[in-house]
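Report on the following structure.
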2 protein chains.
Amino acid sequence: MIDLAILGLLTEQELHGYELKKRLGELLSSRASVSFGSLYPALARLEAQGAVKAVEERTSVPSAPMSGSLVGELAAFRARVRESGLVKGTGRGKKVYGITEHGRERLVELLSDPDVTDDRAFTLRVAFAPHLPDAARLELFERRRTELLRRRDDLRRRESDPGRAGRTHSYLRALLERDAENLAHDLAWLDRLIEAERSADHNGADRSIPVPAPQAHLQEETP
Amino acid sequence: MIDLAILGLLTEQELHGYELKKRLGELLSSRASVSFGSLYPALARLEAQGAVKAVEERTSVPSAPMSGSLVGELAAFRARVRESGLVKGTGRGKKVYGITEHGRERLVELLSDPDVTDDRAFTLRVAFAPHLPDAARLELFERRRTELLRRRDDLRRRESDPGRAGRTHSYLRALLERDAENLAHDLAWLDRLIEAERSADHNGADRSIPVPAPQAHLQEETP
DNA sequence: GTCATCATGTAAGCCGTTACATGATTGC
DNA sequence: GCAATCATGTAACGGCTTACATGATGAC
């Protein structure tokens, strides 16, 4: 999850941890924003694996020092010491990360995972779908579609289960209805996405507005 | 989460762990079913807190032993030893739990928690809403409604953010649309629930079909 | 008599969180 | 100079999962 998010964002732009967290927060509507306590260790782990690398580290002032350059000099010195690798402990200052070739491969690997049962992970994967080859992207959507159909069948089986008809009160019925409607809605959305993907120009031309406005969509069984 | 599920189910019926897990699985559509590894420790914890109590424990054959009663005798002996509390280790056999008065209080407490941000927890709370007084139940729904309205506003603010218009590709737009539609749908469902709650007979009479069919519903702002 | 299912439990580990600790930069 | 924000990290802990270990019951 968090690896996917980090690699996806770093593919688009070099960023440091703090900024990464902000982007993540706005990418996944409020929910799903990770905490620093998991972000920084994850970055360190990915760096150790060679999936990302520290590109730049600014501690000293990038522009001219304002007054007493003593502070700036000291900071620059500390930065140099840190860069030399002598001090590992609490090296502060901005640490900008970029993705490596290995990181790009890892991202595609994560995006290609056949498991599409995790809803939050799927959302993330759609967000980074542009980094997947056309065929793999379509396959991802199709697999998700199969998963949603499976869930719908599960739900219908439960709806028509005679054994529990007695102990299903109104609130349970309401929840069941909500689930069914949500599922149908999600399926319709996915169908639109797949349709757009299929009808898109796959010869390298423009793909700026591939998702059409809500309209009639295909559905194999009755809705 | 798991405490809520256990207490809710045990309020309705005495059950043992294994059965509890099955019920949980069918209650929360496939997703959300807990594993034994968390269920049994949770039961033990709740028992230690006095929220549930072991009602019955059957290890020996309830009916007449079939042939060599030696095995049955041994099992019965072991059951007796276990009941005496001398052996704590691996006491097998069915352990049926029931809820206590304290457990019922705890359930109401969990259902009354002001935090309605957790979607899965809210679903569970609706499932056990009948165990809440009318006023508290309505308050739960209203608080959830406020939370959903907050999320919708968040989403709209993000939709009309000029700063990120550039780096929002088609898939991100599609996700944003999906979120907005899901949210609107959830709100409509909640509004129906609240309306049904308000118009329900709160004088102790029939409440078998309080949730009306989908129809026009109120909404303060434009949809 | 053995296999599937029912039934209970423990241990290790994963993945995330909150709380804590530190320090740099910028605006007033 | 000092507060707010930016920025990075560590430590403790929480809740849940998988894998493991054990045993009972019933069907064939």
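Just so it is clear: chains get the letters A, B, ... in the order the sequence lines come, proteins before strands, and each one is counted from 1.
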Between [N] ([atom2]) and [X] ([atom1]): distance, integer Å:
X	N	atom1	atom2	answer
A:Leu20	D:dC6	CG	C1'	15 Å
B:Leu43	C:dT10	CG	P	12 Å
A:Lys95	C:dA24	NZ	P	16 Å
A:Tyr97	D:dG9	OH	C1'	10 Å
A:Ile2	C:dC14	CD1	C1'	13 Å
B:Arg45	C:dG9	CZ	P	14 Å
A:Tyr40	C:dC20	OH	C1'	15 Å
B:Tyr18	D:dT22	OH	C1'	15 Å

Below the 4.0 Å mark, does [N] have OP1 or OP2 next to a side-chain nitrogen or oxygen of [X]?
X	N	result
B:Ser38	D:dT17	yes
A:Lys21	D:dA7	no
A:Ser35	C:dT17	yes
B:Lys22	C:dA7	no

CG of B:Leu107 to CG of B:Leu9, rounded to nearest 0.5 Å, is 10.0 Å
Sorted by chain and number, sequence neighbours left out, ring-ring contact (aromatic ring centres under 6.0 Å, His included) with B:Phe36 holds for B:Tyr18, B:Tyr40
Would you give me the side-chain donor-acceptor pairs under 3.5 Å for residues 122-129 of chain B, sequence neighbours excluded?
unit_1, atom_1, unit_2, atom_2, d
B:Thr123, OG1, A:Arg178, NH2, 2.8
B:Thr123, OG1, B:Asp119, O, 3.1
B:Arg125, NE, B:Leu111, O, 3.4
B:Arg125, NH1, B:Asp115, O, 2.8
B:Arg125, NH2, B:Leu111, O, 2.9
B:Arg125, NH2, B:Asp113, O, 2.4

Closest-nucleotide ordering on DNA chain C, the 5'-leading residue of B:Pro41 and A:Leu39:
B:Pro41
Distance-only, no hydrogens or angles: does the B:Lys21 side chain make a donor-acceptor pair with backbone N or O of B:Val34 under 3.5 Å?
yes
